[in-house]
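Note sheet for the following structure.
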Amino acid sequence: SEGTIPQQLKLCSISPNPFNSKTTISFEVPSGSSAQLTVADLKGRILWQDVFEGGNHSIAFPLSHLPSGLYIVNLRSGKVSITRNAIMIK
């Protein structure tokens, strides 16, 4: 819930998915740690990445400049890594 401190790394949602021009990635990073969120294409090219401190996060991505296809969303903190697919359909 809003305002609570997350206890574990969690990639909550990618919504909408499939998406047309933008999608929102929601995730939780445990208190006292940080995590790197990366969006890459299937060839492994990093299209976007940033580091986030502990807390609940929701990031809106305007991706209309990208071609239709499958994209990889990865959330990593220490040895924990969570990967999900995001699909762009134009």
Side-chain angles (χ1 to χ4, degrees):
S1 67
E2 198 68 34
T4 61
I5 299 173
Q7 299 300 309
Q8 64 184 13
L9 190 69
K10 184 176 180 183
L11 185 50
C12 301
S13 67
I14 302 172
S15 180
N17 189 18
F19 62 96
N20 178 274
S21 61
K22 73 176 183 176
T23 190
T24 300
I25 301 173
S26 298
F27 56 98
E28 298 175 356
V29 179
S31 177
S33 66
S34 62
Q36 179 173 281
L37 183 68
T38 303
V39 177
D41 65 16
L42 286 179
K43 294 181 179 178
R45 291 182 295 221
I46 295 174
L47 305 171
W48 185 91
Q49 72 179 8
D50 204 352
V51 175
F52 297 86
E53 299 301 317
N56 298 298
H57 303 277
S58 186
I59 306 300
F61 287 94
L63 300 171
S64 58
H65 63 286
L66 297 174
S68 294
L70 183 66
Y71 294 88
I72 309 301
V73 178
N74 179 263
L75 182 64
R76 178 183 299 271
S77 180
K79 295 180 180 180
V80 179
S81 179
I82 303 167
T83 302
R84 298 257 171 82
N85 295 332
I87 301 168
M88 160 89 83
I89 298 174
K90 288 191 172 182

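- Side-chain contact between E28 and C12 is present, with heavy atoms from C-beta onward closer than 4.5 Å.
- Relative ring orientation between F61 and W48 is described as perpendicular, the plane-to-plane angle rising above 60° on a 0-90° scale split at 30° and 60°.
- Side-chain contact between I25 and S58: absent, with no pair of heavy atoms (C-beta onward) separated by less than 4.5 Å.
- Between P6 and V29, every side-chain heavy-atom pair lies at or beyond the 4.5 Å cut-off.
- The backbone N or O of Q49 lies less than 3.5 Å from no partner atom in the side chain of T38, so there is not a single donor-acceptor pair.
- For the pair V39/I72, no side-chain contact is recorded, criterion being any heavy-atom separation below 4.5 Å from C-beta on.
- Under a hydrophobic-cluster definition in which Ile, Leu, Val, Met, Phe, Trp and Tyr are linked whenever side-chain heavy atoms come within less than 4.5 Å, directly or via other members, I59 and V73 are assigned to the same cluster.
- Note that NZ of K10 is 16.0 Å distant from OG of S77, once rounded to the nearest 0.5 Å.
- In the hydrophobic clustering of ILVMFWY residues, with side-chain heavy atoms under 4.5 Å counting as a link, L70 and I14 come out apart.
- Pairing each heavy atom of R76 with each of S81, the nearest pair is NH2-OG, 3.5 Å.
- A donor-acceptor pair is defined here as one N or O able to donate and one able to accept, closer than 3.5 Å; such a pair exists between the side chain of N17 and the backbone of I87.
- At least one donor-acceptor pair under 3.5 Å links the side chain of N20 to the backbone N or O of I89.
- Distance check, rounded to the nearest 0.5 Å: NZ of K79 to CG of L9 gives 15.0 Å.
- Residue N74 comes nearest to T83 through the heavy atom pair ND2-OG1, 2.7 Å, listed as atom of the first residue, atom of the second, then distance.
- If you look at F52 and F27, their ring centroids are closer than 6.0 Å.
- Side chain of D41 to backbone of L47: no donor-acceptor contact under 3.5 angstrom is found.
- The shortest side-chain heavy-atom distance between S34 and E53 falls under the 4.5 Å cut-off.
- If you take OG on S31 and CD on Q7, they are separated by 7.5 Å, rounding to the nearest 0.5 Å.
- Taking every heavy atom of both residues into account, A35 and L75 meet most closely at CB-CD1, 3.8 Å.
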